[in-house]
Colleague: 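Right, I'll just put the structure down here and ask away after.
Quantities reported herein were computed from a predicted structural model and do not represent experimental measurements. Chain identifiers are assigned alphabetically (A, B, ...) following the order of the sequence lines, protein sequences preceding nucleic acid strands; residue numbering begins at 1 within each chain.
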Amino acid sequence: MTTRSKPDVPRFYLTTAIDYANGDPHLGHALEKIGADVIARYRRQCGDDVHLLIGMDEHGQKVQQTAAKDGVAPQAFTDEIAARFQAIWAKLGISYDQFIRTTEPHHKAGVQALIRMIAERNPDDFYERSYTGMYCVGCEAFKQDADIVEGKCVLHATRTLEEVEERNWFFRLSKYQGFLQHLLATNPSFIEPESRRNEILGLLAQGLDDISASRARLDWAVPFPLVLSNGETQGTYVWFDALPNYLTATGFPEPGYENRWPADLHIIGKDITRFHVVIWPAMLEAAGLPLPKQVWAHGFVQLGGERFSKSAGVKLDLGEAIDRYGADAFRYVLLREVPFDSDGNFSWERFEERYTSDLANAFGNLASRAIAMVEKYFDGVVPTALRPEAELDDDTDVAAYHAGMNGSRGWLLHEGLAAVSRMTARANEYTAATTPWAVAKDPARAAELEQILASLIRRIARQTVLLAPFMPTKVEAVWAQLGAPGTAGAQRIDALAELEPAGWRVQKGEGVFPRPAPAATT
RNA sequence: GGUCCGGUAGCUUAGUCGGUUAAAGCGCUCGACUCAUAAUCGAAGGAUCGUGGGUUCAAGUCCCACCCGGACCA
């Protein structure tokens, strides 16, 4: 065992899909990164040593062509795209620990090392094969007849298909079919949710074809380390370049990478499940490396009921969405509205409704009214009092929150938020039922009043901690108004019972979630 | 064309092994309250559970076909 920074702390290495450097970040990218960030923050608040990886996939013919069209070098082109992605992640508060780019020298060396490792361990796994077909530059793939209309690819009608014969390195994926079937049979949670696992099982049952690992005419790529028999050196094909980023990010093949690898969780979109659950484990197995513990495929966001797409003009300006009520509100609404295990919808209308009802009216106003009463009746100092029994009702929801957040039943972040919402509603009901403003009028009921307000502040403090992974900035404003020590984000999220607000000096300030102006409705 | 997933009140969803009047939130309507961000609390209304068959004493919940949406593969 080599040393690591925090030897006695459970580590948690999670990754997101690297994004293709051929356009701007959009809502779909944001959903994945926000979800991953929430999980990362949650685990940090559970005390884990978390490493969140995010990055860019920067090679490929399409990038090269787009750059050429813009009259810039590919590296300069991807530098700018990467900067734009990073700017958005910063704006969204994504707490990534590492940002990998596949054009980094270390990544390129790592990809080559992995390929060589496979070739040494399993000399038959890479072989040469020639192939003839219609090649679409847009797809960077050969197309079948069904996808060709009038000599053009149906997905890229503006580009001309080329008939191409080429000799490539192939990877013997078919050899790993049994291995993969065994993997999913013995370790079903390797891919979740279940619907995605079924998809892969169906795919495996149909049988696997070998896949191409290198491509001709692929200049903007990692040079494939094996030379073809005709002396040609080709570029490494996309998946052999992109997938290993999770591994090369740990320092592979340099010593010490085992401290991080294998990853605990790959978070990806449902469209690339196949690559992460079939090709990637097969590559690792071929190289004799450990497999990641789990792949989680989230769904897609639709926009206003329509499929998100650049070409159809159905898109949402991320910057505008963030500026509306701030990054935190956007993070909250997105994860509340879109189930993290399936598809969901996002619209400005829902955004307004969610923000107003959940954050401004329910949670924001709850904090506001409780803090105001502590100021008014107790000069701002939270009284000491025994917990009312009614507070125990929250325990079920706290448990439901953790169940949604810790992956035990899948990564159901929306259920975590729903649980907090129920706690907020319960606190408002409690306030209405106990009527502290009426109790305050009777000096004989002082003890009762103390209990009510201590309970309310304690509940709000708990909810604030539970919300911290979702709204890292806003919760600190609430935390400060509660007069709580330290920061909400530093609180152990799995030790809420220890939160005791007696003696805190509250201070009411500006509403943390101001109600939108009536005219703001779109 | 094949595989997989989804189609439940205006909207978003929950409905575990099939079993009493199909549940919740938001929105809408009415009532209450006044500590609070015209917020909150309570109540009411609102669903032929995509369509058509079938199995069953009993189906949103199982089977078949079809329609619609999505993803992947070809």
Colleague: Scan nucleotides 36-44 of chain B against the protein and return all N/O pairs shorter than 3.5 Å with their distances rounded to 0.1 Å.
Modeller:
unit_1, atom_1, unit_2, atom_2, d
B:A36, O3', A:Lys508, NZ, 3.1
B:A36, O2', A:Asn365, OD1, 2.5
B:A36, O2', A:Ser368, OG, 3.3
B:A36, N1, A:Arg369, NH2, 3.4
B:A36, N3, A:Asn365, ND2, 3.2
B:A36, N3, A:Arg369, NE, 3.2
B:U37, OP1, A:Lys508, NZ, 3.3
B:U37, O2, A:Phe513, O, 3.4
B:U37, O2, A:Arg515, N, 3.1
B:U37, N3, A:Phe513, O, 2.8
B:U37, O4, A:Gly364, O, 3.1
B:A39, OP1, A:Arg515, NE, 3.2
B:A39, OP1, A:Arg515, NH1, 2.7
B:A39, OP1, A:Arg515, NH2, 2.6
B:A39, O5', A:Arg515, NE, 3.2
B:A39, O5', A:Arg515, NH2, 3.1
B:A39, O2', A:Asn361, O, 3.0
B:A39, O2', A:Asn365, ND2, 2.8
B:U40, O2', A:Arg369, NH1, 3.1

Colleague: So what's the dot-bracket for RNA chain B: Watson-Crick or G-U pairs under 3.5 Å, [ ] if a pair crosses, | if it pairs off-strand?
Modeller: (((((((..((((.....[...))))..((((.......))))......(((((..]....)))))))))))).

Colleague: Round to a whole Å and report the spacing from CE of A:Met423 to P of B:G25.
Modeller: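 Distance, rounded to whole Å: 17 Å.
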
Colleague: Work out how far the P atom of B:A71 is from that of B:G31, and round it to whole angstrom.
Modeller: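 My reading of the P atoms in B:A71 and B:G31 gives 48 Å.
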
Colleague: Taking the ring centre of each residue, are A:Trp411 and A:Phe340 less than 6.0 Å apart?
Modeller: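 No, ring centres 6.0 Å or more apart.
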
Colleague: With no hydrogens and no angle check, do the side chains of A:Glu352 and A:Tyr325 hold a donor and an acceptor under 3.5 Å apart?
Modeller: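 Yes, a side-chain donor-acceptor pair sits under 3.5 Å.
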
Colleague: Using the ring of each side chain (for Trp, its six-membered ring), is A:His276 parallel, tilted or perpendicular to A:Tyr246, with breaks at 30° and 60°?
Modeller: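 Geometry flag for A:Tyr246 against A:His276: tilted rings.
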
Colleague: Please list, pair by pair, any protein nitrogen or oxygen found under 3.5 Å from a nitrogen or oxygen in nucleotides 8-14 of chain B.
Modeller:
none

Colleague: Looking at A:Phe170, does the NZ or CZ of A:Arg129 lie under 6.0 angstrom from its six-membered ring centre and within 45 degrees of the ring axis?
Modeller: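 Verdict for A:Phe170: a cation-pi partner in A:Arg129.
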
Colleague: Are A:His182 and A:Tyr176, when compared by the centres of their aromatic rings, separated by less than 6.0 Å?
Modeller: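 Centroid separation for A:His182 and A:Tyr176: 6.0 Å or greater.
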
Colleague: Could you tell me if A:Asn168 and A:Gln234 have a donor-acceptor pair between their side chains, going purely by distance under 3.5 Å?
Modeller: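 A pair is found: one side chain offers a donor N or O, the other an acceptor, under 3.5 Å apart.
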
Colleague: Would you please classify the geometry between the A:Phe346 ring and the A:Phe351 ring as parallel, tilted or perpendicular, with 30° and 60° separating the classes?
Modeller: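 If you compare the ring of A:Phe351 with that of A:Phe346, the planes turn out tilted.
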
Colleague: So what does A:Tyr430 touch, heavy atoms closer than 4.0 Å: a base, only the sugar-phosphate, or nothing?
Modeller: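 Answer is nothing: A:Tyr430 stays at 4.0 Å or more from every strand.
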
Colleague: Looking at A:Phe300, does the NZ or CZ of A:Lys270 lie under 6.0 angstrom from its six-membered ring centre and within 45 degrees of the ring axis?
Modeller: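 Because its charged atom sits under 6.0 Å from the ring centre and within 45° of the axis, A:Lys270 does stack over A:Phe300.
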
Colleague: Rounding to an integer number of angstrom, what distance separates B:C62 and B:C4 when you compare their P atoms?
Modeller: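 B:C62 and B:C4 have their P atoms separated by 15 Å.
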
